[in-house]
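Input: a single structure, listed below in structure tokens.
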Amino acid sequence: QVQLVESGGGLVQAGGSLRLSCVNSGRTFSNNAMGWFRRAPGKEREFVAAVRWSDGNTRYANSVSVEGRFTISRDNAKNTVYLQMNVLKPEDTAVYYCAAGNYPLLIALSWGQGTQVTVSS
């Protein structure tokens, strides 16, 4: 059974940085990718980024909202995925969810419990 545990959320001022981590304790061959989604207040959950375990190939949200500011990476030895978030904006405020599934992670098969990121202006 896949278990995803996130950490690293918190409160940060606009322009600051945070790094989210997610440990996958039940990684299997049927889940060849992990990534991050987020749900902002009053909005639907949206895709942020994904990375494939085997070669580190990445995919980001098809918008300018995160491009150039967020970087996803993985550490295979630790079964851990990271989301480095720089130049944070108040509109990045959301609950960030770790997810596991098949690349490019159009659909998540497993979810973490979520971690709150709040960016103050």
Side-chain angles (χ1 to χ4, degrees):
Q1 182 177 356
V2 175
Q3 288 187 323
L4 307 176
V5 180
E6 302 110 330
S7 61
L11 173 64
V12 64
Q13 289 187 334
S17 299
L18 281 175
R19 188 177 80 155
L20 306 182
S21 301
C22 179
V23 180
N24 184 341
S25 63
R27 178 182 159 190
T28 68
F29 289 109
S30 63
N31 291 281
N32 66 4
M34 283 180 62
W36 296 90
F37 291 71
R38 68 184 183 185
R39 177 176 285 157
K43 296 186 177 181
E44 294 186 354
R45 185 157 52 187
E46 63 176 353
F47 170 79
V48 176
V51 62
R52 186 160 54 196
W53 286 113
S54 60
D55 57 8
N57 200 29
T58 58
R59 181 175 81 92
Y60 292 91
N62 188 25
S63 71
V64 298
S65 62
V66 300
E67 185 177 1
R69 299 189 299 121
F70 290 9
T71 303
I72 190 170
S73 61
R74 94 281 191 227
D75 185 330
N76 286 31
K78 296 181 179 180
N79 284 344
T80 301
V81 172
Y82 305 97
L83 184 68
Q84 178 67 43
M85 305 185 293
N86 298 327
V87 195
L88 282 162
K89 305 174 182 179
E91 51 264 43
D92 294 318
T93 294
V95 178
Y96 283 71
Y97 296 91
C98 179
N102 296 310
Y103 193 80
L105 209 59
L106 298 178
I107 298 175
L109 301 180
S110 301
W111 296 96
Q113 79 283 0
T115 185
Q116 177 69 47
V117 171
T118 302
V119 184
S120 63
S121 57

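In what follows, residues are counted from 1 in the order of the sequence shown. Values below: every heavy atom of this structure, side chains too, minus hydrogens, waters and symmetry copies.
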Which heavy atom in Leu83 sits nearest to a heavy atom in Ala49, and how many Å separate them? CD1-CB, 4.4 Å
Quick one: CD1 on Ile72 to CG on Leu20, what's the gap to the nearest 0.5 Å? 10.0 Å
Give, for atom OH of Tyr82 and atom CH2 of Trp36, the distance between the pair rounded to the nearest 0.5 Å. 10.5 Å
Can you name the nearest heavy-atom pair linking Leu4 to Ser110, along with the distance? CD1-O, 3.6 Å
Measure the spacing between OG of Ser121 and NZ of Lys89 and express it to the nearest 0.5 Å. 14.0 Å
Between Val66 and Ala61, the two heavy atoms sitting closest are CG2-CB, 4.0 Å
Taking a hydrophobic cluster as the set of Ile, Leu, Val, Met, Phe, Trp and Tyr residues connected by side-chain heavy atoms closer than 4.5 Å, whether directly or through intermediates, do Leu88 and Val48 fall within one such cluster? yes
Atom CZ in Arg19, atom OG in Ser7: separation rounded to 0.5 Å? 8.5 Å
Using a cut-off of 6.0 Å, state whether more than 12 heavy atoms not belonging to Ile107 lie near its atom CD1. no
Can you give me the closest heavy-atom contact between Gly8 and Leu18, atom names plus distance? O-CD2, 3.8 Å
Cys98 and Trp111: CA distance, side-chain angles, deciding distance, side-chain contact (heavy atoms from CB on, under 4.5 Å) verdict: CA-CA 6 Å; Cys98 179; Trp111 296 96; over 6 Å; no
For the side chain of Gln116 and the backbone of Gly9, is there at least one donor-acceptor N/O pair under 3.5 Å apart? no
Between Thr93 and Val119, is there a donor-acceptor pair closer than 3.5 Å when you use the side chain of the first and the backbone of the second? yes
Partners passing side chain to side chain donor-acceptor pair (under 3.5 Å) against Ser17 (at least two apart in sequence or in another chain): Asn86
Would you compute the distance between atom CG of Asn31 and atom CG of Asn102 and round it to the nearest 0.5 angstrom? 6.5 Å
First locate atom CG of Asp55, then atom CZ of Arg74, and finally report the distance between them rounded to the nearest 0.5 Å. 7.0 Å
Please check if the side chain of Asn32 supplies one atom and the backbone of Tyr103 the other of a donor-acceptor pair under 3.5 Å. yes
State, yes or no, whether a side-chain contact exists between Glu6 and Val95 at a heavy-atom distance under 4.5 Å. no
Distance-only, no hydrogens or angles: does the Ser25 side chain make a donor-acceptor pair with backbone N or O of Gln3 under 3.5 Å? yes
Does Trp53 offer a backbone N or O that forms a donor-acceptor pair with the side chain of Asn76 under 3.5 Å? yes
Measure across Gly114 and Tyr97 and return the closest heavy-atom pair with its distance rounded to 0.1 Å. CA-CD2, 3.6 Å
Once salt bridge (Lys or Arg N to Asp or Glu O under 4.0 Å) is applied, what residue pairs with a partner in residues 91-112 remain, sequence neighbours excluded? Arg38-Asp92, Arg69-Asp92
When every non-hydrogen atom of Phe37 is compared with those of Leu105, the smallest separation belongs to CZ-O, 3.7 Å
